[in-house]
Amino acid sequence: MRIIQATSREEAVETAASLVLERILAHPTSVIGLATGRTMEPVYARFCELALTSRVPLSQTFFFLLDEYMGLPDGHPTSFKHYIRTHFLRPLSIPESQIAFPPAGDVDGPERYEELLRESHGVDLQLLGIGQNGHIGFNEPGSDKTSRTRVVRLTEETISANRGQLTDIIPEKALSMGIGTIREAKSLLLLATGKTKAEAIKYLMNHHDDPTCPATFLKDHPHFTLVLDPDAASRINLNI
Ligand code: F6R
């Protein structure tokens with residue numbers, strides 16, 4: 001696990017955006033896994049600025065969205081589809097033929113998404129946030145290290161942490177890539193910012209393969225980069 005401890009939140013965001021950009025610049029045909037959430041908003045804003053000014057060739061890159069709420073009308077303002085259109089696709093004029101959205105409305109959605117991932121020869125770089133309870137994607141505590149894309153029930157903790165982002169419908173379930181699915185990405189880039197993530201990061205640093213904190217399942221991935229801002233890193237001491 002490579003840990004990059006930034007000296008400010010801005011620097012952490014810049015680092016994450018630059019790592020994605022560098023990957024695409026070096027390999028324009030990359031497959032990139034995108035996460036959503038508050039943590040990623042400034043990352044996408046910065047990525048868009050950098051990509052537009054440096055004219056990154058994005059037309060051959062393909063994207064997969066990590067997860068999606070269930071039970072929302074297609075493109076509902078709470079949906080991750082809406083989020084990624086707003087923060088990423090539209091600012092960069094990326095057509096929707098270049099992204100796969102989790103088919104959250106379909107009974108065979110999980111199997112189809114796995115098949116699509118296989119057909120695309122997997123994700124090259126997966127961008128990830130972390131929940132306050134250590135969830136990755138929507139793999140809540142109790143998830144299995146080998147879990148595949150599936151429908152998951154959200155914990156009360158996750159629903160209440162995300163309440164500010166929810167509107168008229170409060171989703172109780174989501175379709176999420178599994179931990180086993182995520183681990184198949186060739187490289188993982190997890191960004192944690194803010195004090196609310198400090199406990200989860202401390203737990204992550206001190207535990208391995210612990211189902212109560214699914215993020216620990218990523219630690220033995222051969223190419224796992226963890227980017228932290230000072231607040232997220234405030235309960236760990238990397239100098240020990
Ligand atoms: C989002 C996702 C979640 C978030 C996590 C953190 O696609 O899969 O795991 O990364 O809930 O969310 P924020 O960044 O809003 O704190």
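One is the number of the first residue; the rest follow in order along the sequence. Order of appearance sets the numbers: ligands from 1, and atoms from 1 within every ligand.
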Would you say the side-chain atoms of Ser143 and Arg150 include a donor-acceptor pair closer than 3.5 Å?
yes

Is there a path of hydrophobic side-chain contacts, each under 4.5 Å between heavy atoms of I/L/V/M/F/W/Y residues, joining Met70 to Leu72?
no

Please write down residue, atom name and distance for the protein heavy atom closest to atom 10 (O) of ligand 1.
Gly129 CA, 3.4 Å

Whether over 12 other heavy atoms sit under 6.0 Å from Glu96 CD
yes

Can you tell me which residue and heavy atom of the protein come closest to atom 14 (O) of ligand 1, and the distance to 0.1 Å?
Thr39 OG1, 2.5 Å

Which residue and non-hydrogen atom of the protein lie closest to atom 8 (O) of ligand 1, and at what distance in Å?
Asp67 OD2, 2.4 Å

Proximal atoms of ligand 1 relative to Leu66 (non-hydrogen, under 4.0 Å)
8 (O)

Backbone of Ala35 reached by a side-chain donor or acceptor of Tyr83 within 3.5 Å
no

Report yes if Asn162 has an N/O atom closer than 3.5 Å to an N/O atom of ligand 1; otherwise report no.
no

Which protein heavy atom lies closest to atom 5 (C) of ligand 1, and at what distance to 0.1 Å?
His135 NE2, 3.4 Å

Just to confirm my output: which protein heavy-atom neighbour is closest to atom 9 (O) of ligand 1, and how far is it?
Gly137 O, 2.8 Å

Please work out, at 4.0 Å between heavy atoms, whether the side chain, the backbone, both, or neither of Thr36 comes within that distance of ligand 1.
both

Using a 4.0 Å heavy-atom cut-off, which part of Lys197 comes near ligand 1: side chain, backbone, both, or neither?
side chain

Heavy-atom check, side chain of Phe63 versus side chain of Leu65, under 4.5 Å
no

More than 12 foreign heavy atoms under 6.0 Å from CD of Glu119: is that the case here?
yes

Side chain, backbone, both or neither: which part of Ile130 has a heavy atom under 4.0 Å from ligand 1?
backbone

Need the ligand 1 atom indices (1-based, order shown) with element for anything under 4.0 Å from a heavy-atom of Gly37.
14 (O), 15 (O)

Assess the side chains of Tyr203 and Thr212: does a donor N or O sit below 3.5 Å from an acceptor N or O?
yes

Over 60° means perpendicular and under 30° means parallel, so tell me whether Phe138 and Phe80 are parallel, tilted or perpendicular.
parallel

